[in-house]
Number of protein chains: 2
Amino acid sequence: MAAIGIAAGMKIGVLASRSGLTVKTLRYYEDLGLLPAIGRSEGGYRLFAEESLRRLEFIRRLKTLGLSLEEIQDCLAVHDAGELPCGDIEIRLGRQIERIDGQIKELRQLRMELQELLAGWQSDPAKDGNVICPNLQV
Amino acid sequence: MAAIGIAAGMKIGVLASRSGLTVKTLRYYEDLGLLPAIGRSEGGYRLFAEESLRRLEFIRRLKTLGLSLEEIQDCLAVHDAGELPCGDIEIRLGRQIERIDGQIKELRQLRMELQELLAGWQSDPAKDGNVICPNLQV
DNA sequence: CTTGACTCTCCAGCTATAAAGAGACTCTAA
DNA sequence: TTAGAGTCTCTTTATAGCTGGAGAGTCAAG
């Protein structure tokens with residue numbers, strides 16, 4: 001019985017305002033298993049530890065970097081198993097770069113196709129009865 | 001009663017195999033109003049005109065170029081009103097290029113952030129009890 | 001004791017584009 | 001006449017990440 005003033009746990013609204021997320025989102029994360037509560041109050045209210053804030057910061061950061069909640073959960077599982085997740089995260093972020101490169105490549109190809117198409121565009125071509133828009137013919 | 005052998009309309013399976021789309025997709029398009037049937041057979045089967053093939057080609061092409069079905073429907077509405085949709089389509093494709101540019105820009109920024117982060121990555125840093133992954137600290 | 005803020009669970013919906021399946025009906029060829 | 005292929009409508013599912021509401025229970029202040 002040493003410390004005085006150690007909170008038994010935050011209620012969800014407090015965690016929401018401290019983290020900047022909505023109550024709904026926090027419940028959603030808890031349902032997914034991303035954000036375990038330390039328990040429930042007598043009345044059934046979720047109680048969260050201070051550590052939840054760091055966890056949410058971690059989630060937010062990886063989400064910003066484009067990882068899915070599922071991937072983030074996998075990272076957290078490594079952490080929760082007591083291991084440093086850094087190596088795991090590094091690999092995932094590397095894959096994320098590859099995904100991004102693939103997307104950029106696709107977008108660039110599409111952009112080029114669009115631009116070439118528009119380069120030869122005739123906004124008012126002769127009406128061809130069979131074709132909806134003659135410019136689109138390949 | 002001049003012509004002989006003019007088909008009264010294709011059934012959906014024929015249109016599916018000729019267009020390369022699935023029956024499900026064609027029904028979906030018809031429900032959306034993208035692909036009007038010319039009517040129904042006595043037994044209630046959808047009947048499609050030859051023109052449906054051109055319409056589907058048009059849809060397929062604009063979808064490939066990244067327009068949504070809703071935008072495509074707007075283009076088709078212009079066509080169905082008896083006007084040439086080319087000018088309309090040109091504008092939409094121009095906007096599509098802008099959208100793509102925006103996406104590419106976002107992806108490049110994200111890629112840069114990821115790469116900078118990984119450049120200084122330590123896969124096995126000293127364990128900091130408070131932080132899940134020290135590399136992610138901003 | 002009351003009031004109002006907070007929280008609970010459960011259910012529905014949103015974006016877009018279909019796919020999957022159930023149960024019934026139709027059509028065609030042998 | 002019958003088998004089997006095709007088609008019908010209607011409902012549900014999928015993805016991802018939430019958001020909103022209903023109706024009921026909890027809690028702290030006055």
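Lettering of chains follows the sequences in order, A, B, ..., and the numbering in each one begins at 1.
For dT7(D), neither phosphate oxygen OP1 nor OP2 lies less than 4.0 angstrom from any side-chain nitrogen or oxygen of Arg46(B). Put simply, Tyr29(A) has no side-chain N or O that comes within less than 4.0 Å of OP1 or OP2 on dG17(D). Between Arg27(A) and dT7(C) there is no side-chain polar atom (N or O) within less than 4.0 angstrom of OP1 or OP2. Contact annotation: Thr22(A) side-chain N/O to dT19(D) OP1/OP2 distance is under 4.0 Å.
Nearest to the side-chain atoms of Arg40(B) among the listed nucleotides dC27(C), dT9(D), dT7(C) stands dT9(D). Minimum atom distance to the side chain of Thr25(B) is reached by dA19(C), of the listed dC8(C), dA19(C), dC27(C). Side-chain atoms of Lys24(A) lie closest to dG20(D) of the nucleotides dC27(D), dC8(D), dG20(D). Comparing dA18(C), dT17(C), dG25(D) against the side chain of Ser68(B) picks out dT17(C) as the nearest. Closest to the Glu42(A) side chain, of the nucleotides dT28(C), dA19(C), dC27(D), is dC27(D). Distances were taken from every side-chain heavy atom of Tyr28(A) (C-beta onward) to each of dC6(C), dC8(D), dC18(D); the shortest belongs to dC18(D).
Interatomic distance, CD of Glu98(B) versus CG of Leu114(A), reported as 11.5 Å (0.5 Å rounding). To the nearest 0.5 Å, atom CD of residue Gln115(B) and atom CG of residue Leu110(B) are 11.5 Å apart. To the nearest 0.5 Å, atom NZ of residue Lys105(B) and atom CD1 of residue Ile104(A) are 13.5 Å apart. Cys75(A) contributes atom SG, which lies 5.0 Å from atom CG of Asp88(A) (distance to the nearest 0.5 angstrom). A distance of 8.5 Å separates CZ in Arg54(B) from NE2 in His79(B), rounded to the nearest 0.5 Å.
Between the CG atom of Leu32(B) and the C1' atom of dA18(C) there is a distance of 10 Å, rounded to whole Å. As rounded to whole Å, 10 Å separates atom P of dT7(C) from atom CG of Leu26(A). Rounded to whole angstrom, the span from the CD atom of Glu70(B) across to the P atom of dA16(C) amounts to 7 Å. As a whole-Å value, the separation of Asp31(B) CG from dA19(C) C1' is 14 Å. In this structure, the CD1 atom of Ile12(B) is 14 Å from the C1' atom of dA19(C), given to the nearest Å. For the pair Leu69(B) CG and dT15(C) P, the interatomic distance rounds to 14 Å; values are reported in whole Å. Put simply, CG on Leu47(B) is 13 Å from C1' on dC8(D), counting in whole angstrom units. Between the CG atom of Leu67(A) and the P atom of dG17(D) there is a distance of 10 Å, rounded to whole Å.
Under the 4.5 Å side-chain criterion, counting only non-hydrogen atoms from C-beta, Tyr29(A) is in contact with Leu56(A).
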(request) Begin from the C-alpha positions of Lys11(B) and Leu47(B) and carry the test side chain to side chain contact (heavy atoms under 4.5 Å, CB included) through to its verdict. (result) CA-CA 5 Å; Lys11(B) 282 189 288 187; Leu47(B) 297 174; 4.0 Å; yes

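Considering Arg60(B), Arg61(B), Arg55(B) as possible partners of Glu57(B), the one that fulfils the salt bridge (charged side-chain N to carboxylate O under 4.0 Å, His left out) test is Arg60(B).
In the helix from dC1(C)-dG30(D) to dA30(C)-dT1(D), the terminal helix axes, each the rotation mapping four pairs' C1' atoms onto the next four within five end pairs, subtend 30°, rounded to 10°.
Not a single donor-acceptor contact under 3.5 angstrom links the side-chain atoms of Tyr45(A) to the base of dT7(C).
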